[in-house]
Amino acid sequence: QVQLVESGGGLVQAGGSLRLSCAASGDIFSINAMGWYRQAPGNQRELVADITSGGRTNYADSVKGRFTISRDNAKNTVYLQMNSLKPEDTAVYYCNAGVLFAAANVPIIYWGQGTQVTVSS
């Protein structure tokens, strides 16, 4: 059983910052890619940023230059530092991880429960 637990969401004024964390636990051999997605009311879930086990990152155009994704492989944890927040960043943020249970297995994707980020104008 694998669990992803997110923390760090909340209410912040426009221009402020928040840092999200997501820790994976369970009988994990390793994790390849980890990522953050978000879903605003009435919208589809969209990729915010992801990061490979080697540290290669990818960002949505809407957050480039404002958000930074990072990870601590020893702790199976991924972070999202969000600066210069805008009201349009308001959404539920979800983390995911591609978990390997053995070296030769295909990764299985797990999702966190989501954390609310609200940016007031």
Side-chain angles (χ1 to χ4, degrees):
Q1 184 77 1
V2 173
Q3 285 190 318
L4 271 63
V5 179
E6 297 136 339
S7 60
L11 173 65
V12 64
Q13 288 188 331
S17 298
L18 285 174
R19 188 188 192 216
L20 306 182
S21 299
C22 172
S25 62
D27 188 16
I28 297 170
F29 177 77
S30 67
I31 299 176
N32 54 11
M34 302 184 81
W36 289 96
Y37 289 69
R38 66 186 181 187
Q39 187 168 17
N43 291 354
Q44 291 188 338
R45 191 172 297 189
E46 62 177 5
L47 174 69
V48 176
D50 58 24
I51 183 168
T52 67
S53 58
R56 188 171 67 249
T57 59
N58 174 53
Y59 295 93
D61 287 342
S62 59
V63 306
K64 283 180 181 177
R66 300 188 298 122
F67 291 10
T68 302
I69 189 170
S70 61
R71 64 189 283 175
D72 184 332
N73 290 332
K75 296 181 179 179
N76 289 332
T77 299
V78 63
Y79 306 96
L80 186 67
Q81 178 66 44
M82 305 185 293
N83 299 328
S84 302
L85 282 159
K86 304 175 180 179
E88 50 264 44
D89 294 317
T90 295
V92 178
Y93 284 69
Y94 300 88
C95 68
N96 78 353
V99 176
L100 291 163
F101 295 98
N105 281 2
V106 174
I108 297 174
I109 304 300
Y110 288 87
W111 290 88
Q113 80 285 356
T115 185
Q116 177 70 46
V117 171
T118 303
V119 185
S120 63
S121 57

Report whether [X] and [Y] are members of the same hydrophobic cluster (ILVMFWY, side-chain heavy atoms less than 4.5 Å apart, transitive linking).
| X | Y | answer |
| --- | --- | --- |
| Phe101 | Ile31 | yes |
| Val12 | Val63 | yes |
| Val78 | Val2 | yes |
| Tyr59 | Leu85 | yes |
| Tyr94 | Tyr79 | no |

| said: Is it the case that the side chain of Thr57 and the backbone of Ile51 share a donor-acceptor pair, with hydrogens and angles ignored and the cut-off at 3.5 Å? | reply: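 No; zero donor-acceptor contacts below 3.5 Å.
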
| message | Keeping Asn105 on the side-chain end and Leu100 on the backbone end, is there a donor-acceptor pair under 3.5 Å? | response |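 Answer holds: no.
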
| What orientation do Trp111 and Tyr37 show, parallel under 30°, tilted 30 to 60°, or perpendicular over 60°? |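 Ring orientation, 0 to 90° scale: perpendicular.
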
Identify the two heavy atoms, one from [X] and one from [Y], that lie closest to each other, and give their separation to 0.1 Å.
| X | Y | answer |
| --- | --- | --- |
| Gln113 | Val5 | OE1-CA, 4.0 Å |
| Ser62 | Arg38 | OG-NH2, 3.4 Å |
| Gly98 | Ile109 | CA-CD1, 3.7 Å |
| Ser17 | Asn83 | OG-OD1, 2.9 Å |
| Leu80 | Ala49 | CD1-CB, 4.4 Å |
| Ser121 | Pro87 | CB-CG, 3.8 Å |

So how far is it from [X] [atom1] to [Y] [atom2], rounded to the nearest 0.5 Å?
| X | Y | atom1 | atom2 | result |
| --- | --- | --- | --- | --- |
| Leu20 | Gln81 | CG | CD | 9.0 Å |
| Phe67 | Asp89 | CZ | CG | 4.0 Å |
| Ser120 | Gln13 | OG | CD | 5.0 Å |
| Asn32 | Asp50 | CG | CG | 10.5 Å |
| Glu6 | Cys95 | CD | SG | 4.0 Å |
| Ile69 | Asn58 | CD1 | CG | 9.0 Å |

| Atom CD of Glu46: over 12 foreign heavy atoms under 6.0 Å |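 Enclosed.
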
| Within a reach of under 6.0 Å around CG of Asn43, are more than 12 heavy atoms found that belong to other residues, nucleotides or ligands? |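 Enclosed.
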
| Derivation and outcome, side chain to side chain contact (heavy atoms under 4.5 Å, CB included), residues Thr90 and Gln116 | CA-CA 8 Å; Thr90 295; Gln116 177 70 46; 4.0 Å; yes

| Carboxylate-amine/guanidinium proximity below 4.0 Å for Lys64 and Asp61 |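 Salt bridge: yes.
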
| field | Asn73 and Arg71 side chains, donor-acceptor separation under 3.5 Å | value |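 Side-chain D/A pair, Arg71 to Asn73: present.
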
